[in-house]
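Working notes for the structure below.
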Amino acid sequence: MRDVLVLNGPNLGRLGTREPDVYGATTFKDLVLICETAGRELGLAVEVRQTDDEAEMVRWIHGAADSRTPVILNPAAFTHYSYALRDALAQRTAPLIEVHISNPAAREEFRHTSVVAAVANGTIAGFGVQSYVLALRAIAEM
C-alpha cells in the first residue's frame, strides 16, 4: 500500500461544532474514518493528522518531502498567509493536493487567495468532506 498523509490545519479538529452551516456536521473523528476507509478501498495507507501549530505543520511537510510521501493538505487559515508553509511545500517530492471543505472563492474576500495553491498539483474545494475522498482518488491515480 502507498502511504499518504492527510494534514489539516487550524481549527479543523473542531469539525462538527465549528460553524456547521459552513463546515457541516461531520466531526474530525468522522473525517478520519472517511479518509481511512476511502484510502483502504483505493489501496492507500492513510494517516490523518491535525494541528493548530504552524511549526508542527512545517515539520510534517519536511518529513513528507524527505520520505517522498504524497500529501493531501487542508491548510485552513494557513492557506491565506503562511509563506513558511508555502516554502516547505515547494520542497515536496511527491504529489500534493490542497483541499477545502468549503469553497474559499465563494466566501469572504480575504479567503480568495491561497499562497500554497501554486506549489500544489491541484486544489479540490467546496464538496464538503468529499473533497478529501476526491483528493485520495486523484492521488491513487497519479
Side-chain angles (χ1 to χ4, degrees), residues 1-16 18-20 22-142:
M1 292 188 108
R2 184 178 190 189
D3 291 338
V4 177
L5 279 178
V6 177
L7 304 179
N8 295 276
N11 299 309
L12 288 167
R14 301 193 49 82
L15 287 175
R18 177 189 179 213
E19 299 179 81
V22 175
Y23 299 103
T26 303
T27 66
F28 184 75
K29 184 178 177 182
D30 295 335
L31 175 65
V32 171
L33 183 59
I34 289 166
C35 290
E36 290 174 344
T37 301
R40 272 192 305 277
E41 292 171 1
L42 295 164
L44 303 171
V46 174
E47 181 180 348
V48 182
R49 301 178 187 172
Q50 187 276 326
T51 186
D52 298 321
D53 184 324
E54 185 178 26
E56 183 171 41
M57 181 69 79
V58 168
R59 284 190 294 275
W60 290 345
I61 296 298
H62 289 165
D66 291 347
S67 64
R68 299 186 183 283
T69 302
V71 172
I72 294 169
L73 172 66
N74 185 337
F78 297 149
T79 303
H80 316 295
Y81 69 87
S82 180
Y83 295 106
L85 180 58
R86 182 255 178 247
D87 289 349
L89 292 166
Q91 300 172 49
R92 70 187 176 86
T93 56
L96 166 66
I97 299 177
E98 177 185 10
V99 299
H100 296 281
I101 294 169
S102 67
N103 179 359
R107 298 186 60 200
E108 303 93 339
E109 187 172 337
F110 76 90
R111 296 185 194 277
H112 295 182
T113 300
S114 170
V115 299
V116 303
V119 294
N121 290 89
T123 301
I124 300 172
F127 297 98
V129 295
Q130 286 301 307
S131 293
Y132 292 84
V133 175
L134 294 169
L136 286 164
R137 287 184 185 160
I139 292 286
E141 294 179 16
M142 294 176 104

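All of these numbers come straight from a predicted model, not from anything done at the bench.
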Is the side chain of His80 donor-acceptor paired with the backbone N or O of Ser114 at a distance under 3.5 Å, no angle test?
no

Working to the nearest 0.5 Å, report the span between CD of Glu56 and CG of Leu7.
10.0 Å

Quick one, Asn74 and His100 - any side-chain contact, counting heavy atoms below 4.5 Å?
yes

Using salt bridge (Lys or Arg N to Asp or Glu O under 4.0 Å) as the criterion, list what pairs up with Glu47, not counting sequence neighbours.
Arg49

Exceeds 12 heavy-atom contacts within 6.0 angstrom, atom CZ of Phe127:
no

Evaluation steps, side-chain contact (heavy atoms from CB on, under 4.5 Å), between Ile61 and Leu89:
CA-CA 6 Å; Ile61 296 298; Leu89 292 166; 3.4 Å; yes

Within the 4.5 Å heavy-atom criterion, are Val4 and Val71 side-chain neighbours or not?
no

Can you tell if the side chain of Phe78 reaches within under 4.5 Å of the side chain of Glu54, non-hydrogen atoms only?
yes

Heavy-atom pair with the smallest gap, counting every atom of Ala55 and Asp53
N-OD1, 2.8 Å

Minimum heavy-atom distance between Val115 and Arg86, given as atom pair plus value
O-CG, 2.8 Å

Work out which heavy atom in Arg92 is nearest to a heavy atom in Ala120; give both atom names and the distance.
NH2-C, 4.1 Å

Atom CG of Leu44 and atom CG of Leu136: how far apart are they, to the nearest 0.5 Å?
6.0 Å

Just wondering, do Ile72 and Leu5 contact through their side chains at under 4.5 Å, heavy atoms?
no

Val99 and Ala135 have their tightest heavy-atom pair at CG1-CB, 3.5 Å

A side-chain contact here means heavy atoms from C-beta on lying under 4.5 Å apart; do Leu85 and Pro75 qualify?
yes

OG on Ser131 to CD on Glu98, rounded to 0.5 Å:
10.5 Å

Is there a side-chain contact between Ile139 and Ile97, using heavy atoms and a 4.5 Å cut-off?
yes

Near Arg137 CZ, under 6.0 Å, is it more than 12 heavy atoms from other residues, nucleotides or ligands?
no

Quick check: does any side chain N or O of Asp30 sit under 3.5 Å from a backbone N or O of Thr27, one acting as donor and the other as acceptor?
yes

Within the structure provided, determine whether Leu73 and Val6 are in side-chain contact (heavy-atom separation under 4.5 Å).
no

Heavy atoms only: give me the nearest Gln50-Phe28 pair and the separation to one decimal.
CB-CZ, 3.5 Å

Nearest heavy atoms of Thr93 and Ala65, plus distance in Å:
OG1-O, 2.7 Å

For Thr69, does its backbone N or O pair with a side-chain atom of Asp3 as donor and acceptor, under 3.5 Å?
no

Within this structure, what is the CG-CD1 distance for the pair Leu31 and Ile101, rounded to the nearest 0.5 Å?
6.5 Å

With heavy-atom distances below 4.5 Å as the criterion, would you say the side chains of Ile34 and Tyr132 are in contact?
no

